[in-house]
Amino acid sequence: MTDTSDQREQRLQKLTTLRAAGVEPYPARFSCTHSAAEALAAFVASEGQEEPPVVRTAGRLMAIRVMGRASFAHIMDGTSRIQIYLRQDEVGKEAYRFFREGFDLGDFIGVEGSLFRTRTGEVTILVQSFEMLAKTLRPLPEKWHGLTDVETRYRQRYLDLLVNEPVRRTFITRTRMVTAMRRFLDERGFLEVETPVLQPVYGGAAARPFVTHHNVLDADLYLRISDELYLKRLIIGGLDRVYEIGRDFRNEGISTKHNPEFTQMEVYQAYADYNDMMCLVEELWHAVAEQVLGTSRLTYQGHEVNLMPPWRRVTMHAAILEATAIDIEEYPDVNSLHQRIKELSLEVNAKPAWGKQVEELFDEYVQPKLIQPTFVLDYPLDISPLAKKKPDAPRLVERFEFFVGGLECGNAFSELNDPLDQRERFEMQRKQLQDGDEEAHPMDEDWIRALEYGMPPTGGLGFGIDRMAMLFTDSSSIREVILFPTLRPKPGR
RNA sequence: GGGCCGCUAGCUCAACUGGCAGAGCAGCUGACUCUUAAUCAGCAGGUUACAGGUUCGAUUCCUGUGCGGCUCACCA
């Protein structure tokens with residue numbers, strides 16, 4: 001009848017034929033009594049009884065096997081896959097023809113029928129009646145190999161989710177992680193809040209921002225690079241325990257570990273310091289792992305990682321000493337440190353400031369080795385403009401980052417609450433900005449004013465949900481845990 | 001931004017040293033009332049990412065462009 005080779009054309013033609021015959025291919029509703037999973041469970045529960053359960057359920061046709069006047073097919077909904085069995089002598093000649101000629105793989109079907117077990121043991125619906133719920137115009141990816149083309153998987157994630165089961169599991173795991181985190185924090189009296197994404201001054205991290213413009217206000221606004229300064233305003237306002245899970249935006253390079261928009265969890269707790277934040281991190285990660293994975297051990301890229309507290313704690317000073325034999329305290333300025341690096345012919349990029357150079361040494365020689373969960377403590381002051389000084393070490397601040405599976409996962413400090421010190425730090429950053437550091441923290445007078453009203457001693461913490469999801473799902477690329485990762489827009493359709 | 005690799009039918013992949021662009025699944029026609037990667041017989045399906053160049057002849061070699069992957073740089 002139809003001799004066109006294009007599958008979309010063929011399906012469009014079927015659609016027209018159906019409409020001409022009075023069949024609406026996109027009806028408004030179909031009421032189900034059971035999901036696929038519920039139907040399967042209902043049958044198991046009823047086994048041994050006389051009457052098999054009758055169910056109305058619906059799903060997408062994922063496989064069809066026609067054998068003359070009887071057909072098997074599998075339908076899939078969000079809960080499971082279930083087999084259906086259509087017989088001409090059960091549904092009638094006309095209806096059976098409609099099934100064979102009107103339906104294609106991928107179409108949605110609603111069925112009603114009784115459950116039984118086939119000879120091979122599969123619980124199946126013997127269909128008494130059925131109807132089309134939605135016609136598909138494009139063929140689905142292939143049933144054995146699924147969809148492997150990475151670009152198509154990201155650009156058309158719906159196809160990836162549809163045919164690649166592990167992908168579905170990954171994103172379900174991610175959502176469960178976030179749910180478990182909320183529960184953990186809520187139970188401890190933390191209040192979930194929402195702060196602005198559009199900010200007149202960006203801050204709270206070192207990164208270049210996205211800029212946008214509000215037409216009516218005729219004002220440039222920045223997409224936030226972190227939530228920090230607004231959450232700390234809430235601490236000033238007397239909300240002693242707050243957290244936010246939200247999207248941050250950084251106008252930087254894209255890699256397997258960086259997406260321009262990513263999700264961060266930030267937590268602030270009054271009357272706490274960075275030691276308390278370490279306990280919070282290890283307890284939270286452990287609880288989430290137990291809840292979501294059912295264990296505190298996970299495998300990441302071939303490494304076994306144990307999240308059971310307590311985690312290892314090491315100062316940045318000790319970690320670098322161990323890895324490079326450099327005692328950074330003996331080289332307290334950038335020139336002598338450069339000199340020492342040269343003497344040892346270490347392969348690290350030269351950085352303009354002491355703190356950045358220390359960090360570079362750390363990134364190069366220490367971080368990749370941090371497979372088991374590790375807190376690295378006491379960072380250089382000049383790269384930490386929002387953290388409180390260490391009382392006994394004026395070049396350092398009470399700050400830690402933590403690492404799992406070699407990934408940098410999060411950052412925390414005893415928050416700087418001295419408004420005069422904060423102003424000095426911003427002035428330092430201003431100099432770095434003038435020296436061409438595009439990621440230096442901008443001066444924020446409104447933040448200093450808030451601090452002058454008084455902020456209690458506070459511990460603050462931020463960590464990347466995406467990186468955590470990578471670890472929990474053993475994904476090597478951040479794009480595997482972001483439903484729609486940022487890609488270059490493709491010209492045309 | 002640099003380097004390396006990839007782009008062939010709707011999907012997954014072949015095509016030797018430059019010599020007729022092919023298979024499986026999906027599709028179409030037919031057979032088949034317990035199949036499950038159903039089976040059997042037949043048919044159709046291509047701007048080889050795009051634009052140039054070399055050549056009698058280019059999927060193949062060269063140049064450029066686009067998109068993607070990995071990686072380096074960058075990124076607390």
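Letters go in sequence order (proteins before strands), and every chain restarts at 1.
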Legend entry - Residue H145(A), side-chain heavy atoms: nucleotide from U12(B), A76(B), C28(B) that is nearest: U12(B)
Legend entry - Sugar-phosphate only, base, or nothing, as touched by D363(A) at under 4.0 Å among non-hydrogen atoms: nothing
Inset, instruction - Provide, to the nearest angstrom, the distance between the CE atom belonging to M316(A) and the P atom belonging to A76(B). - result: 13 Å
Inset, instruction - From the options A76(B), U12(B), C28(B), select the nucleotide whose nearest atom is closest to the side chain of I383(A). - result: A76(B)
Inset, instruction - With the side chain of M67(A) defined as its heavy atoms from C-beta on, choose the nearest nucleotide among C28(B), A76(B), U33(B). - result: U33(B)
Legend entry - Neighbour count >12 (heavy atoms, 6.0 Å) for atom CZ, R97(A): no
Inset, instruction - Would you mind telling me which residue lines up with the more 5' stretch of RNA chain B, L487(A) or E364(A), judged by nearest nucleotide? - result: L487(A)
Inset, instruction - Report which part of the nucleic acid R250(A) touches: base, sugar-phosphate, or nothing (heavy-atom distance under 4.0 Å, all strands). - result: nothing
Inset, instruction - Give one of base, sugar-phosphate or nothing for L140(A), where a contact means two heavy atoms less than 4.0 Å apart. - result: nothing
Inset, instruction - Quick one: label T256(A) by what it contacts on the DNA or RNA (base, sugar-phosphate, nothing), any heavy atom closer than 4.0 Å. - result: sugar-phosphate
Inset, instruction - Starting at atom CG of L61(A), determine the distance to atom P of U35(B), rounded to an integer number of angstrom. - result: 20 Å
Legend entry - Spacing of the P atoms in U60(B) and A51(B) (rounded, Å): 13 Å
Legend entry - Aromatic centroids of W285(A) and F463(A) separated by under 6.0 Å: yes
Inset, instruction - Answer with base, sugar-phosphate or nothing: what part of the nucleic acid does Q83(A) contact at a heavy-atom distance below 4.0 Å? - result: base
Inset, instruction - Answer with yes or no after comparing the ring centroid distance for F249(A) and Y222(A) against a 6.0 Å cut-off, counting only values under it. - result: no
Legend entry - Residue F116(A), side-chain atoms from C-beta onward, closest of C34(B), U33(B), U35(B): C34(B)
Inset, instruction - Would you tell me if any nitrogen or oxygen in the side chain of R479(A) comes within less than 4.0 Å of OP1 or OP2 on C70(B)? - result: yes
Inset, instruction - May I ask you to evaluate whether R119(A) reaches the phosphate of U35(B), defined as a side-chain N or O under 4.0 Å from OP1 or OP2? - result: no
Legend entry - Length of the line joining I82(A):CD1 and U35(B):P, which is rounded to integer Å: 19 Å
Legend entry - Selection from C34(B), G27(B), U12(B) that lies nearest to any side-chain heavy atom of F72(A): C34(B)
Legend entry - Student check: side-chain heavy atoms of Y300(A) and S475(A) closer than 4.5 Å: no
Inset, instruction - Would you indicate what G146(A) reaches in the nucleic acid, counting non-hydrogen atoms under 4.0 angstrom: base, sugar-phosphate, or nothing? - result: sugar-phosphate
Inset, instruction - Looking at every strand, decide which applies to R100(A) at a 4.0 Å heavy-atom threshold: base, sugar-phosphate, or nothing. - result: base
Inset, instruction - Calculate the interatomic distance between E9(A) atom CD and G10(B) atom P; express it in whole Å. - result: 13 Å
Inset, instruction - Tell me what P260(A) touches on the nucleic acid: a base, only sugar-phosphate, or nothing, going by heavy atoms under 4.0 Å. - result: nothing
Inset, instruction - Would you indicate, yes or no, if C74(B) has its OP1 or OP2 atom less than 4.0 angstrom from a side-chain nitrogen or oxygen of N349(A)? - result: yes
Inset, instruction - Determine the contact category for A63(A): base if any of its heavy atoms lies under 4.0 Å from a base atom, sugar-phosphate if only primed atoms, P, OP1 or OP2 are that close, otherwise nothing. - result: nothing
Legend entry - Distance-only donor-acceptor test, R65(A) side-chain atoms vs U35(B) base atoms, 3.5 Å: yes
Inset, instruction - Verify the contact: side-chain N or O of K257(A) to OP1 or OP2 of C70(B), cut-off strictly under 4.0 Å; return yes or no. - result: no
Legend entry - Sugar-phosphate, base or nothing in reach of R488(A), heavy atoms under 4.0 Å: sugar-phosphate
Inset, instruction - Report which part of the nucleic acid A205(A) touches: base, sugar-phosphate, or nothing (heavy-atom distance under 4.0 Å, all strands). - result: base
Legend entry - Length of the CD1-C1' vector between I84(A) and U33(B), whole Å: 15 Å
Legend entry - Distance-only side-chain donor-acceptor flag, Y154(A) / E480(A), under 3.5 Å: yes
Inset, instruction - Tell me whether the OP1 or OP2 atom of U35(B) has a side-chain N or O from T118(A) closer than 4.0 Å. - result: no
Inset, instruction - Verify the contact: side-chain N or O of S226(A) to OP1 or OP2 of A76(B), cut-off strictly under 4.0 Å; return yes or no. - result: no
Inset, instruction - For U8(B) versus A58(B), give the span between their C1' atoms, rounded off to a whole number of Å. - result: 14 Å
Inset, instruction - Kindly say if K143(A) contacts the phosphate of A38(B), meaning a side-chain N or O under 4.0 Å from OP1 or OP2. - result: yes
Inset, instruction - Using only heavy-atom distances, determine whether the side chains of Q83(A) and T124(A) contain a donor-acceptor pair under 3.5 Å. - result: yes
Inset, instruction - Spell out, as yes or no, whether a donor-acceptor pair under 3.5 Å connects the side chain of Y26(A) to the backbone of L133(A). - result: no
Inset, instruction - To the nearest Å, give me how far apart CD1 (I64(A)) and C1' (U39(B)) are. - result: 16 Å
Legend entry - Nucleotide nearest S477(A) (side chain, heavy atoms from C-beta), chosen from U33(B), U12(B), C70(B): C70(B)
Inset, instruction - Give one of base, sugar-phosphate or nothing for Y85(A), where a contact means two heavy atoms less than 4.0 Å apart. - result: base
Legend entry - Base A26(B) to side chain Q7(A), donor-acceptor N/O within 3.5 Å cut-off: yes
Legend entry - Euclidean distance, atom CD of residue E480(A) to atom P of G68(B) [Å, nearest integer]: 15 Å
Inset, instruction - For the residue pair F403(A) and F362(A), categorise the inter-ring angle as parallel (less than 30°), tilted (30 to 60°) or perpendicular (more than 60°). - result: tilted
Inset, instruction - Would you indicate what E122(A) reaches in the nucleic acid, counting non-hydrogen atoms under 4.0 angstrom: base, sugar-phosphate, or nothing? - result: base
Inset, instruction - Pick base, sugar-phosphate or nothing for L105(A), based on heavy-atom distances below 4.0 Å to the nucleic acid. - result: sugar-phosphate
Inset, instruction - Return the nearest nucleotide to the side chain of K351(A); candidates are C67(B), C74(B), U12(B). - result: C74(B)
Inset, instruction - Counting heavy atoms from C-beta on, name the nucleotide in C32(B), C25(B), U33(B) closest to the side chain of V66(A). - result: C32(B)
Legend entry - Distance, nearest 0.5 Å, that separates CG of L231(A) from CG of L461(A): 11.0 Å
Legend entry - Whole-Å P distance, G69(B) and C34(B): 48 Å
